[in-house]
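Note sheet for the following structure.
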Amino acid sequence: MISWRAIAAATLFAAAPALLAGEIPPDARRSGYTFMGPDTRAMQDDDTANPGMLFVLDGEALWAKKTGSANKACADCHGDARSSMKGVAARYPAFDKAIGRPVTLDQRINLCRADHQQAEPLPYEDRELLALSAFVAHQSRGTAITAGDDPKLKPFVAQGRALFMQREGQLNLACTNCHDDNFDKRLAGAPITQGQPTGYPLYRLEWQTLGSLERRLRSCMTGVRAQAYDYGSPELVALELYLMSRARGLPMETPAVRP
């Protein structure tokens, strides 16, 4: 059964088949925040009204909590997150020498749990994993994104870019068709942004909870009637890496708020 979002997308692109702007120049790239209405921006700006901050506070508590058979806390290795984690999320996904490929911040947290705390990995979209990711990323709020600078990441950035440009699904659409060619328009009443991932994990009003960039990517794939990649798959990691490198220079906003 075709959803209203799919119908709206098909209508938009059928009505404007020639609007192909190509990749957005670096100096014209904008955070999704700039596309939001005043109420959504006000909610993000006020830490007492931003529901994502509840996850940040949970993450702060988890940072200091000892866990696993090693009975260690994140703070035992990394100390005060306000200094040790500043700028860290802005460079993720990052290359991991041990496994020879990039890992996301969520994956890094789980690798630390397994290697240093001897604890079980947290499932994707688990509240504790989102809270830890939000807490760590929040320490970089206002810091410019630098992801993709490592030369070892070059082939993975290229893979992510190819996936971003690749048409897929029954609607035969690519990420670029919305986020490069048709940003600043509206789809089913919602603004089409440039897809700059400056605030993840973010609070999405549609979800009524915090969610990861991988959740958003999978939702988009489902929206164009494509088979979504599994959480943590090399394809989703490469897409996340490309998107973060595409947003290079924009400030981190975690936890952002979106419709």
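Keep in mind the model is a prediction, meaning the values are calculated, not measured.
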More than 12 heavy atoms of other residues, nucleotides or ligands under 6.0 Å from CD of Q208: is that the case?
yes
For K66, does the NZ atom sit with more than 12 other heavy atoms under 6.0 Å from it, leaving out its own atoms?
yes
Is there a donor-acceptor contact under 3.5 Å linking the side chains of E125 and S212?
yes
Heavy-atom check, side chain of E214 versus side chain of T104, under 4.5 Å
yes
So OH of Y200 and OG1 of T254: to nearest 0.5 Å the spacing works out to 10.0 Å
Is F35 close to I192 at the side-chain level, that is, under 4.5 Å between some pair of heavy atoms?
no
Is there a side-chain contact between I145 and Q196 (heavy atoms, below 4.5 Å)?
no
Got V136 and W63 here, is their nearest side-chain heavy-atom distance under 4.5 Å?
yes
Just how far is it from atom CG of L236 to atom CZ of R218, taken to the nearest 0.5 Å?
7.0 Å
Are any of the side-chain heavy atoms of M36 and V257 separated by less than 4.5 Å?
no
Any side-chain donor-acceptor pair under 3.5 Å between T67 and Q117?
no
Can you measure from CG (L241) to CG (L163) and round to the nearest 0.5 angstrom?
11.0 Å
